[in-house]
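Some notes on the structure that comes next.
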Amino acid sequence: MRIKDILRTERLGEHVTVKGWVRTRRNSAQVTFVELNDGSCMSNLQLVFDSGLLEGLNIGTGTAVEASGLLVESPAPKQPVELRGETLSIIGETASDYPLQKKRHSLEFLRDIAHLRPRANTFGAVFRIRNILAQAVHRFFHERGFLYLNAPIITTSDCEGAGEMFHVTNFNLDDPPRDPKGAVAWDRDFFGKPAALTVSGQLEAEIFATSLGNCYTFGPTFRAENSNTSRHLAEFWMIEPEIAFADLSDDMDLAEEFIRALIRATLDEGMEDLEFFDQRIQKGLIDMLKRLADASFTRITYTDAIAELEKAGDRFEFKPYWGADLQSEHERYLTEEVYDGPVFVTDYPKDIKAFYMRVNDDDKTVAAMDCLIPRVGEIIGGSQREERYDVLLKRIQDLGLVEADYWWYLDLRRYGSIPHAGFGLGFERMVQFVTGMANIRDVIPFPRTPGNAAF
RNA sequence: UCCGGUGUAGCUCAAUCGGCAGAGCAUGCGGCUGUUAACCGCAGGGUUGUAGGUUCGAGUCCUACCACCGGAGCCA
């Protein structure tokens with residue numbers, strides 16, 4: 001049986017067999033205590049043996065064992081039940097240089113041993129919560145009739161424009177084919193043109209939203225930026241819903257409901273792990289999540305946000321003014337101090353936003369929205385898409401983009417164009433938010449960052 | 001990429017003004033009547049991130065580089 005099921009059902013008086021890894025061992029001449037963990041939950045199962053029974057067995061921290069015995073009420077207060085052990089056999093011994101101790105390790109050290117860190121309490125909890133969230137994402141959209149779309153990972157469209165891209169080629173880079181002038185002959189590469197890893201599935205999602213209706217993507221995303229922060233990865237997972245016959249307000253309604261659903265799933269299914277995070281990682285975490293599970297999020301226009309920031313202008317390193325993008329310090333002030341919770345900032349100046357965002361009637365702003373949350377910052381970026389052919393074409397031209405590259409994107413506006421909207425939610429940032437983990441590298445199994453792709 | 005900080009035993013950290021490199025945990029051995037990061041005793045364990053430099057003498061001061069952390073930019 002798995003330890004989670006044993007503890008949940010409290011089968012006192014039953015004989016059970018468990019398999020797992022030894023977390024710690026304490027022994028006296030008479031009695032030996034072995035704490036066993038099998039990853040099914042945070043709690044260990046305490047095994048109690050007559051010391052004579054374990055004579056000669058090397059069962060240090062990390063050893064894989066199988067044990068059986070009688071489940072009894074524990075006389076000590078720290079655990080409700082324990083296993084009065086009758087047999088114990090070693091499945092896999094552990095060398096004496098096993099790096100994980102029962103003491104607390106630094107997250108930086110554990111990151112260097114990513115093949116072992118899921119065996120540490122913190123990371124077991126992180127990845128169980130991450131799993132709950134991933135399942136909840138699909139459940140949320142499935143219950144609402146959204147179509148799950150697998151957007152391509154390799155792309156040849158250079159109109160994504162969301163950042164530096166990783167190139168994909170099967171050329172021998174020491175000696176690539178060249179044309180008569182000596183330039184690399186990309187037309188002879190695998191896809192007949194330069195290709196790269198996707199930076200967003202949004203444009204493909206728009207194709208499906210304007211044919212099959214509401215849909216979403218949930219897949220890996222790649223950015224080759226030289227970003228070195230606690231909230232950026234070169235490979236991360238993003239959820240991008242795209243909704244048909246919808247405007248920006250519908251988009252925010254969806255985003256808000258989505259985040260609340262994810263928080264509720266975590267509270268419903270991950271409470272034992274949340275208690276660990278609340279106690280060890282971020283005090284007050286559970287209260288905050290409970291508060292947000294039912295709260296509606298603040299919505300404020302960019303213009304009003306600037307006015308709010310100007311009132312506190314002296315405290316900022318960078319003075320806020322209309323037309324400038326919000327600095328991190330501005331975003332943190334809004335979400336952490338003014339509203340103390342998630343905030344949607346909407347209707348940004350069009351000059352600082354992407355070409356595909358719908359131009360508002362004032363012709364100065366676009367129907368964009370960013371959702372800011374405490375500690376993490378921007379967790380969602382979204383917009384209503386420009387569905388008017390003429391307006392979109394003018395935006396492409398004004399920004400100096402190559403019209404021909406966008407032929408199929410423009411086609412969607414020529415054939416039965418509809419208002420539609422969507423957003424991207426950074427999955428790891430969501431995991432950070434509900435666990436309180438400070439560094440994004442600690443909420444993805446194997447982080448990829450500049451200079452690091454180990455394991 | 002920019003600014004700031006840190007780098008000492010397997011891990012977490014001390015080391016005063018430039019003057020004998022230490023502790024706890026982990027590991028090994030022994031002890032201990034039910035432990036809870038168990039406890040008690042003993043033992044082994046070091047190219048002080050790397051390469052130079054100053055000095056009678058450098059973990060400590062100087063230069064360069066590397067790694068990590070925090071903040072910024074880019075964004076999700």
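Residue numbers begin at 1 in each chain, while the letters A, B, ... track the order of the sequences. Every heavy atom of this structure was used, including side-chain atoms; hydrogens, water molecules and symmetry mates were not.
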Hey, does [X] reach any base, or is it just sugar-phosphate, or nothing, if we go heavy atoms under 4.0 Å?
{"X": "A/Phe236", "value": "base"}
{"X": "A/Thr61", "value": "nothing"}
{"X": "A/Leu233", "value": "base"}

[X] [atom1] to [N] [atom2]: how many Å, rounded?
{"X": "A/Leu107", "N": "B/C68", "atom1": "CG", "atom2": "C1'", "value": "13 Å"}
{"X": "A/Asn228", "N": "B/G4", "atom1": "CG", "atom2": "C1'", "value": "14 Å"}
{"X": "A/Arg441", "N": "B/G70", "atom1": "CZ", "atom2": "C1'", "value": "12 Å"}
{"X": "A/Asp97", "N": "B/G28", "atom1": "CG", "atom2": "P", "value": "10 Å"}
{"X": "A/Phe166", "N": "B/C74", "atom1": "CZ", "atom2": "P", "value": "19 Å"}
{"X": "A/Phe433", "N": "B/A76", "atom1": "CZ", "atom2": "C1'", "value": "15 Å"}
{"X": "A/Glu317", "N": "B/G4", "atom1": "CD", "atom2": "C1'", "value": "12 Å"}
{"X": "A/Arg223", "N": "B/G73", "atom1": "CZ", "atom2": "P", "value": "17 Å"}

Any salt bridge between [X] and [Y], counting N to O under 4.0 Å?
{"X": "A/Arg385", "Y": "A/Glu242", "value": "yes"}
{"X": "A/Asp347", "Y": "A/Lys364", "value": "no"}
{"X": "A/Arg8", "Y": "A/Asp5", "value": "yes"}
{"X": "A/Glu256", "Y": "A/Arg299", "value": "yes"}
{"X": "A/Arg26", "Y": "A/Glu35", "value": "yes"}
{"X": "A/Arg144", "Y": "A/Glu257", "value": "yes"}

Please measure how far the [atom1] atom in [N] lies from the corresponding atom in [M], and state the result in whole Å.
{"N": "B/A15", "M": "B/U8", "atom1": "C1'", "value": "9 Å"}
{"N": "B/U50", "M": "B/A9", "atom1": "P", "value": "10 Å"}
{"N": "B/C42", "M": "B/U54", "atom1": "C1'", "value": "44 Å"}
{"N": "B/C75", "M": "B/U12", "atom1": "P", "value": "35 Å"}
{"N": "B/U48", "M": "B/G59", "atom1": "P", "value": "7 Å"}
{"N": "B/U60", "M": "B/G7", "atom1": "C1'", "value": "14 Å"}
{"N": "B/C32", "M": "B/G41", "atom1": "C1'", "value": "11 Å"}
{"N": "B/C20", "M": "B/C61", "atom1": "P", "value": "16 Å"}

- No-H, no-angle donor-acceptor pair, A/Ser227 side chain to B/C74 base, under 3.5 Å: yes
- Message: Whether the side chain of A/His232 and the base of B/C75 hold a donor-acceptor pair under 3.5 Å is what I'd like checked.
- Response: yes
- Message: Only Watson-Crick and G-U wobble pairs, only distances under 3.5 Å, only runs of 3 or more: what stems does that leave for RNA chain B?
- Response: B:1-7 with B:66-72, B:10-13 with B:22-25, B:27-31 with B:39-43, B:49-53 with B:61-65
- Mutual orientation of the aromatic rings belonging to A/Phe141 and A/Phe146 [parallel < 30°, tilted 30-60°, perpendicular > 60°]: tilted
- Check A/Ile263, A/Ile239, A/Val376, A/Val137 against A/Met430 for a side-chain contact (heavy atoms from CB on, under 4.5 Å) and give me the one that passes. A/Ile263
- Query: Pick from A/Lys350, A/Arg358, A/Met357: which one makes a side-chain contact (heavy atoms from CB on, under 4.5 Å) with A/Arg395?
  - Reply: A/Lys350
- Item | Within residues 322-342 of chain A: residues closer than 4.0 Å to RNA chain B (heavy atoms) | A/Gln327, A/Ser328, A/Arg332
Check every atom of [options] against the side chain of [X] and return the nucleotide holding the closest atom.
{"X": "A/Glu108", "options": "B/C68, B/G73, B/C75", "result": "B/C68"}
{"X": "A/Arg231", "options": "B/C11, B/A76, B/C74", "result": "B/C74"}
{"X": "A/Arg429", "options": "B/A76, B/U1, B/G28", "result": "B/A76"}

- Task: Between A/Gly381 and A/Phe318, just flag the one whose closest nucleotide in RNA chain B comes earlier from the 5' side.
- Result: A/Phe318
- Starting at the 5' end of RNA chain B and moving along, which residue's nearest nucleotide shows up first, A/Ser96 or A/Pro99? A/Pro99
- Could you give the distance from CD1 (A/Ile154) to OG1 (A/Thr198), rounded to the nearest 0.5 Å? 10.5 Å
- Query: Do A/Arg260 and A/Phe258 meet the cation-pi criteria used here (NZ or CZ under 6.0 Å from the six-membered ring centre, within 45° of the axis)?
  - Reply: no
- Item | Under 3.5 Å side-chain donor-acceptor pair for A/Trp322 and A/Thr303 | yes
- Task: Would you please indicate if the ring centroids of A/Phe316 and A/Tyr333 are separated by under 6.0 Å?
- Result: yes
- May I ask you to verify if any side-chain N or O of A/Ser230 is less than 4.0 angstrom from the OP1 or OP2 atom of B/G71? yes
- Item | Protein proximity profile, nucleotides 30-40 of chain B - base contact B, sugar-phosphate-only contact S, no contact -, cut-off 4.0 Å on heavy atoms | --BSBBBBB--
- A/Arg223 (side chain) donor-acceptor with A/Val199 (main chain) under 3.5 angstrom: yes
